[in-house]
A.B. asks: 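Take a look at the following structure, please.
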2 protein chains.
Amino acid sequence: MARQGRTRKETGAEETGATGAAASPRPANTPRTGRRVTSYDVAREAGVSQSAVSRCFAAGASIAPATRERVLEVARRLGYAPNALAQGLISGRTNLVALLITSLTNRNYPEVLAELTRRLTDRDIRVLLFTLNAESEVDSALDQLWRHSVDGAISAAHLSDDQLRLFAQHRVPLVLYNRVADGMPAASVSCDSVAGERELVGRLLAAGHRRFGIVAGPEDSYVGEDRRRAALARLEEAGITGVPVVRGDFSYESGAEGLQALMAQDGKLEAVICVNDMMAIGAIDAARDRFGRTLPDDLSIVGFDGSGPASWSSYRVTSIRQPVRRMTEAAVSMLVERIEDEKATVERRLFAGELIEGRSARLG
Amino acid sequence: MARQGRTRKETGAEETGATGAAASPRPANTPRTGRRVTSYDVAREAGVSQSAVSRCFAAGASIAPATRERVLEVARRLGYAPNALAQGLISGRTNLVALLITSLTNRNYPEVLAELTRRLTDRDIRVLLFTLNAESEVDSALDQLWRHSVDGAISAAHLSDDQLRLFAQHRVPLVLYNRVADGMPAASVSCDSVAGERELVGRLLAAGHRRFGIVAGPEDSYVGEDRRRAALARLEEAGITGVPVVRGDFSYESGAEGLQALMAQDGKLEAVICVNDMMAIGAIDAARDRFGRTLPDDLSIVGFDGSGPASWSSYRVTSIRQPVRRMTEAAVSMLVERIEDEKATVERRLFAGELIEGRSARLG
DNA sequence: CTGTTAGCGCTTTCAA
DNA sequence: TTGAAAGCGCTAACAG
């Protein structure tokens with residue numbers, strides 16, 4: 001009965017298709033484009049049942065090699081490929097992973113998105129991308145996540161505890177990238193900001209710097225705050241307190257302005273700690289242009305990240321390089337593991353950064 | 001009968017859900033997470049039919065305000081949202097658009113992806129992202145496109161005529177970004193490379209430069225080749241021929257190497273035309289570091305794009321800025337138009353770039 | 001305005 | 001190994 005209804009409908013659709021195709025001229029031998037080719041079409045043509053066709057496209061389904069061969073041949077000829085929506089609807093697996101990233105992060109570290117996407121694609125997983133411009137956009141992005149039944153998500157954007165809880169409620173595996181949850185257990189991959197910043201500051205101290213300034217990030221940035229605190233803590237251990245701190249937004253411009261603000265507070269500044277490379281670059285340019293300083297003789301400036309432009313010969317920023325490749329690989333493999341095994345233990349992986357000596361600071 | 005089967009199944013699933021939820025401890029008042037909430041759940045709870053629930057989430061469906069209110073209230077309480085897979089499967093609309101971009105493009109112009117995604121999101125369209133690393137990855141990306149029934153696609157990656165034809169066959173509206181199809185009619189949005197490059201070269205000529213060198217892009221880059229040809233043509237009009245051309249890959253490093261290669265060919269080079277800013281920046285650094293040149297006095301270097309770092313004070317690259325915002329807006333609105341109206345005429349929109357005078361070249 | 005009904009295209013038991 | 005049948009969650013006619 002269901003079959004009959006289906007058959008009737010198919011005929012109707014085919015007519016529509018033919019009409020549509022006729023409207024836009026096409027060579028007579030190109031495939032008909034009117035309606036999507038379904039597994040029923042392939043089944044009919046190959047003289048097997050629809051479920052047999054389905055099995056041919058499923059890994060490890062029991063199907064006779066000869067049948068399989070024949071079906072795949074027909075499928076290829078008709079240009080058939082399983083409909084991902086139908087597959088996802090019935091199997092509960094979409095092979096779709098959501099990537100949440102702030103547009104700021106993407107602007108400063110485009111390689112993160114590229115690497116994550118590449119590694120996911122390598123594992124035959126598609127990417128549903130959400131670039132967030134404001135905190136407020138997270139909720140609507142999450143709403144779409146649930147609707148699209150993604151198999152998992154990687155977030156390089158800030159999520160509140162409530163939002164993290166939603167992932168658990170919806171049973172969507174999640175891996176945080178370069179941020180850890182405050183009060184919740186959540187899988188994450190990050191670069192060790194504390195250790196990196198401590199090393200950097202330690203080396204600045206060893207070189208004899210005593211008058212410091214910090215260009216921090218926005219208050220809601222996890223990595224920014226982590227680095228700021230680590231730097232301040234390390235300085236305090238060395239008996240240096242009352243260090244001026246200004247905040248930027250991780251951009252070049254804010255780095256330049258940050259340096260200017262610090263110089264206004266202390267014209268005899270010896271070392272400036274920027275919590276990311278982009279701001280360090282802005283600070284370097286400002287130090288040269290606006291204050292005529294020569295680095296690293298007159299002033300030391302350090303950054304963090306090891307992003308592309310930091311290594312350009314005009315800057316050679318002294319910094320901590322994040323192992324982006326290893327981190328993205330870890331994020332993806334952790335996520336896949338959690339998708340495969342719902343009970344996988346929550347793991348936080350912390351990667352050490354590598355100190356880049358550069359030429360923008362005197363190190364001890 | 002179908003109803004009965006469904007009901008039976010629901011009960012079973014609910015039990016599974018409860019068990020699963022019990023396994024991971026949760027406060028007793030948080031919603032049950034075991035099974036997806038469906039429109040049937042909402043319907044039952046609100047005392048209406050399933051289709052009534054569906055109507056509440058459809059724009060402009062006829063539903064009594066009172067009913068709507070009640071249903072939405074229940075939906076909110078149960079945390080219900082329509083399943084995008086099921087919606088797409090039956091309606092033929094997924095509100096999903098594919099974005100094809102090479103990882104190179106994304107690395108050099110991260111704002112393009114961010115802007116496109118933002119504008120699509122603003123129109124309630126989700127983005128399926130494909131970052132391509134090699135030409136060979138296009139076909140498998142396209143295969144996934146068809147499977148996922150995207151409503152349309154924007155490509156900032158190179159597509160062959162055959163590949164373009166597939167879009168027509170599959171009836172997937174497509175807009176090309178910064179590239180036009182060779183032999184096919186295809187909607188596209190681009191920045192006018194020819195006009196921009198001509199203006200730039202014209203100004204260099206007006207300033208008296210006569211010994212030129214060109215750092216071109218890869219042969220398979222549409223924009224790169226367009227700019228190279230435009231520059232050469234304009235020079236030839238001025239009676240300048242035999243201009244040395246070297247090729248880079250749009251990266252900083254290749255720009256530096258390009259400059260070095262050109263200098264090796266002609267040590268008295270007066271002006272270097274780089275087909276993008278990243279290479280111009282590399283060339284500028286190389287000219288300063290490796291050849292001790294001062295710009296723009298000893299040498300003029302121009303780029304193209306107006307990308308972020310080009311405006312940093314260490315470079316101030318003389319360049320042509322692409323109107324990225326207007327271009328991405330145009331691409332998205334053209335695509336939406338083509339999705340809405342299958343018969344929309346194929347349109348090629350060309351945007352003029354803006355000359356940025358910068359400090360890296362003497363202009364006349 | 002509302003409910004009933006028939007599928008969208010597929011995977012997955014279950015028998016044969 | 002294969003086919004029949006059920007149904008994933010939803011929209012869209014169509015009655016009423």
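Quick note: numbers below take in every heavy atom, side chains included, and nothing from hydrogens, waters or symmetry partners. Order of the sequence lines fixes the chain letters, A, B, ..., with proteins taken first and strands second; residue numbering starts at 1 for each chain.
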A.B. asks: Could you state the atom-to-atom distance from CG of Leu85(A) to P of dT11(D) in whole Å?
C.D. replies: 13 Å

A.B. asks: Nearest whole angstrom, please: distance from the C1' of dT13(C) to the CD of Gln50(A).
C.D. replies: 14 Å

A.B. asks: Quick one: Arg55(A) CZ to dT2(D) P, roughly how many Å, whole number?
C.D. replies: 8 Å

A.B. asks: What integer distance in Å separates Gln87(A):CD from dC8(D):C1'?
C.D. replies: 13 Å

A.B. asks: Kindly say if Ser91(B) contacts the phosphate of dT11(D), meaning a side-chain N or O under 4.0 Å from OP1 or OP2.
C.D. replies: no

A.B. asks: Rounding to an integer number of Å, can you tell me how far Arg68(B) CZ sits from dT2(C) C1'?
C.D. replies: 16 Å

A.B. asks: Please report, rounded to the nearest Å, how far the P atom of dC10(C) is from the CZ atom of Phe57(A).
C.D. replies: 9 Å

A.B. asks: Is a salt bridge present between Arg119(B) and Glu115(B), judged by a nitrogen-to-oxygen distance below 4.0 Å?
C.D. replies: yes

A.B. asks: Nearest heavy-atom pair of Ala61(B) and Arg55(B): which atoms, and what distance?
C.D. replies: CB-O, 3.6 Å

A.B. asks: When the nearest nucleotide of DNA chain C is assigned to Leu89(B) and to Ala61(B) on a heavy-atom basis, which residue is associated with the more 5' position?
C.D. replies: Ala61(B)

A.B. asks: Report yes if a side-chain nitrogen or oxygen of Thr67(B) is closer than 4.0 Å to either non-bridging phosphate oxygen (OP1 or OP2) of dC1(C); otherwise report no.
C.D. replies: no

A.B. asks: Under 4.0 Å between a side-chain N or O of Ser39(A) and OP1 or OP2 of dG9(C)?
C.D. replies: no

A.B. asks: Looking at the rings of Tyr80(B) and Trp146(A), which for Trp means the six-membered one, are their centres under 6.0 Å apart?
C.D. replies: no

A.B. asks: When only distance counts, do a donor and an acceptor, one from the side chain of Arg147(B) and one from the base of dG9(C), lie under 3.5 Å apart?
C.D. replies: no

A.B. asks: I want to check one thing: is the phosphate of dG9(C), taken as OP1 and OP2, less than 4.0 Å away from some side-chain N or O of Thr38(A)?
C.D. replies: no

A.B. asks: Output yes when at least one side-chain N/O atom of Tyr40(B) is less than 4.0 Å from OP1 or OP2 of dG3(C), else no.
C.D. replies: no

A.B. asks: What is the distance, rounded to the nearest whole Å, between atom CG of Asn83(A) and atom C1' of dC10(D)?
C.D. replies: 14 Å

A.B. asks: Between dT4(C) and Ser51(B), counting only base atoms on the nucleotide and side-chain atoms on the residue, is there a donor-acceptor pair under 3.5 Å?
C.D. replies: yes

A.B. asks: According to a strict under-4.0 Å criterion, is Ser62(A) in side-chain N/O contact with OP1 or OP2 of dT1(D)?
C.D. replies: yes

A.B. asks: Give the rounded distance in Å between these two atoms: CD1 of Ile90(A) and C1' of dC10(D).
C.D. replies: 14 Å

A.B. asks: Which distance, rounded to the nearest 0.5 Å, do you find between the CG of Leu116(B) and the CD1 of Ile125(B)?
C.D. replies: 11.5 Å

A.B. asks: In Å, rounded to the nearest 0.5 Å, how long is the span from CG of Asn106(A) to CD1 of Ile101(A)?
C.D. replies: 5.0 Å

